[in-house]
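Worksheet: the structure to be examined is printed underneath.
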2 protein chains.
Amino acid sequence: MSLRYALLALLNVEPMTGYDLYKQFESSVGYVWHAPDSQIYPELRRMERDGLLEGEEVAWGTKGRKRQYHVTDAGREAFRTWVNTQLDYPRERDPMHLKAAYLEWADPDAARSQLLAHAEHYGARLLQWQQKIQEIDGGTSDMLNRRLATFPSADHSRVAAFKRFTYEGLTARAESEIAWAQRGLALLDELYPEDSSGTAAT
Amino acid sequence: MSLRYALLALLNVEPMTGYDLYKQFESSVGYVWHAPDSQIYPELRRMERDGLLEGEEVAWGTKGRKRQYHVTDAGREAFRTWVNTQLDYPRERDPMHLKAAYLEWADPDAARSQLLAHAEHYGARLLQWQQKIQEIDGGTSDMLNRRLATFPSADHSRVAAFKRFTYEGLTARAESEIAWAQRGLALLDELYPEDSSGTAAT
DNA sequence: GATTTCATGTAAATGGTTACATGATTCG
DNA sequence: CGAATCATGTAACCATTTACATGAAATC
């Protein structure tokens, strides 16, 4: 259900085509919420059917056509309702932590490489999110600047602050996951001292 | 796909019925991986069909019957393969962080109550997970003790250590989420100083 | 002219949620 | 005897993933 609101959030800034939105999901918003094109196009149609968006066929080249969507009043209202409404939290479901609970079944090397991969996964995300924070601070975020243009300047600090706040949360989470993976690697060295391949070779 | 391995993990300790497993998912394992009964029963049937489990009809009372499952060699092998195999990480998809990025659209009070709810949600989980750690440390965890009984005593410290490690990761995450929500509440007070309802009431 | 990017989808499968349905057994 | 718990499912729906499919426009 969040896909709908992620799309509304982007279209609140300016009208876009499905493909424009898809690219956003591959970069900026995609770092918080991902969706593939095969989910975006049908959802846009449904949102139009539900009156949240209006689509307009636009010529593209000589024979090409594309469909540009803009948010309706009902769409803006639905978005405002969403931001004001309490989420319900799904029950816990985390594959890596589930697996970690049974790591005594694993090869020490396989366990090591998975914890390393865990740290690397979140390391990569950490970099992306930190970069986003730098873009916000430096005023070089394209999307944020366009979003700011839709707000009176008195609200600009808020808009930027909440965006920064979001990425701060994600970086904190990434750091916590990395620290956890590293504690896991240390634990493996402790529990299987005979072969500490990769960690303290020689 | 992880449901299958969560079930194998539990059945590795001892044979159980669907209902036994369901109860585990409501308490112990449920704090790491949740599944409703309507997902458990059909999955057990599929696992039996795939040769990972064997089910046996057991009498229960005079007319009642129940189906007790135990893991086959193929099942143990599949589980071992799973713990040794690298997960692939899903793309980012986090409703609360998505919403946080657009909190300038929210009522300050609605924003506050949602961040408060976020902190409370993870606060409740934090307590559960910390309790699990205490059970592990105190040797009072029923499930862990039965699991330990299936391992030679040389391996006991490992089994307990990995279980503890899992919950440590989850508590760290919960703490990070709580800290984030609190930073958010402070931010709201900063951005909307006029009404700081609830936070610093006289 | 070939490759990349722009553009828009459909189809099948997977994994999960919510609601419904039923009946036996045990416990107080 | 009534309530809680034990026991096992089905059905409909929703969100998401992966794979397939097509073609125009822009760029090199």
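So you know, we letter chains A, B, ... as the sequences are listed, proteins then strands, and number each from 1. Reckoned from all heavy atoms, side chains included, excluding hydrogens, waters and symmetry mates.
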Strand-adjacent residues in residues 87-102 of chain B, judged by heavy atoms under 4.0 Å from DNA chain D: B/R93
Residues at least two apart in sequence or cross-chain that pass salt bridge (Lys or Arg N to Asp or Glu O under 4.0 Å) with A/R45, listed by chain then number, are none
Let me know the distance between CG of A/D20 and P of C/dC6, rounded to the nearest Å. 9 Å
Taking the six-membered ring for Trp, are B/H121 and A/Y89 parallel (under 30°), tilted (30 to 60°) or perpendicular (over 60°)? parallel
Between D/dA4 atom C1' and B/Y22 atom OH, what is the distance in whole Å? 13 Å
Atom OH of B/Y5 to atom C1' of C/dG15: distance rounded to whole Å? 14 Å
List for me each residue that meets side-chain contact (heavy atoms from CB on, under 4.5 Å) alongside B/A106, sequence neighbours excluded, and say none if there are none. A/V83, A/N84, B/L103, B/A111
So, do A/H97 and A/W180 sit near enough that their side-chain heavy atoms are less than 4.5 Å apart? yes
d(CD, B/E26; C1', D/dT5) in whole Å: 13 Å
Ring center gap for B/Y22 and B/Y19 short of 6.0 angstrom: yes
To the nearest angstrom, the OH-P distance between A/Y19 and C/dA7 comes to 7 Å
Please identify each residue that fulfils salt bridge (Lys or Arg N to Asp or Glu O under 4.0 Å) with B/D107, with sequence neighbours left out. none
In whole angstroms, the gap separating C1' of C/dC6 from NZ of A/K23 amounts to 7 Å
Listing request: all salt bridge (Lys or Arg N to Asp or Glu O under 4.0 Å) pairs with a residue in residues 93-106 of chain A, at least two apart in sequence or in separate chains. A/D94-B/R173, A/E104-B/R147
Selection: residues 32-50 of chain A, any non-hydrogen atom under 4.0 Å of DNA chain D: A/W33, A/P36, A/S38, A/Q39
Which of residues 57-68 of chain A have a heavy atom under 4.0 Å from DNA chain D? A/W60, A/G61, A/T62, A/K63, A/G64
Can you list every salt bridge (Lys or Arg N to Asp or Glu O under 4.0 Å) pair that touches residues 10-27 of chain B, not counting sequence neighbours? B/E14-B/R146
Distance, rounded to the nearest Å, where B/Y69 contributes OH and D/dG9 contributes C1': 10 Å
What side-chain donor-acceptor pairs closer than 3.5 Å can you find for residues 30-37 of chain B, not counting sequence neighbours?
| unit_1 | atom_1 | unit_2 | atom_2 | d |
| --- | --- | --- | --- | --- |
| B/H34 | NE2 | A/R91 | NH1 | 3.4 |

Please list, one pair per line, the donor and acceptor atoms closer than 3.5 Å that link side chains of residues 69-77 of chain B to other protein atoms, with sequence neighbours excluded.
| unit_1 | atom_1 | unit_2 | atom_2 | d |
| --- | --- | --- | --- | --- |
| B/T72 | OG1 | B/G51 | O | 2.6 |
| B/T72 | OG1 | B/L52 | O | 3.1 |
| B/T72 | OG1 | B/A74 | N | 3.4 |
| B/T72 | OG1 | B/G75 | N | 3.1 |
| B/D73 | OD1 | B/R76 | NH2 | 3.0 |
| B/E77 | OE1 | B/R80 | NH1 | 3.4 |

Contacts of B/E135 meeting salt bridge (Lys or Arg N to Asp or Glu O under 4.0 Å) (sequence neighbours excluded), chain-then-number -> B/K132
Is any NZ, NE, NH1 or NH2 atom of the basic residue among A/E48 and A/R67 found under 4.0 Å from an Asp or Glu carboxylate oxygen of the other? yes
Is a side-chain donor or acceptor of B/R183 paired with a backbone partner of A/F165 at a separation under 3.5 angstrom? no
Write down the protein N/O and nucleotide N/O pairs, taken from nucleotides 1-3 of chain C, whose separation is under 3.5 Å; answer none if there are no such pairs.
none

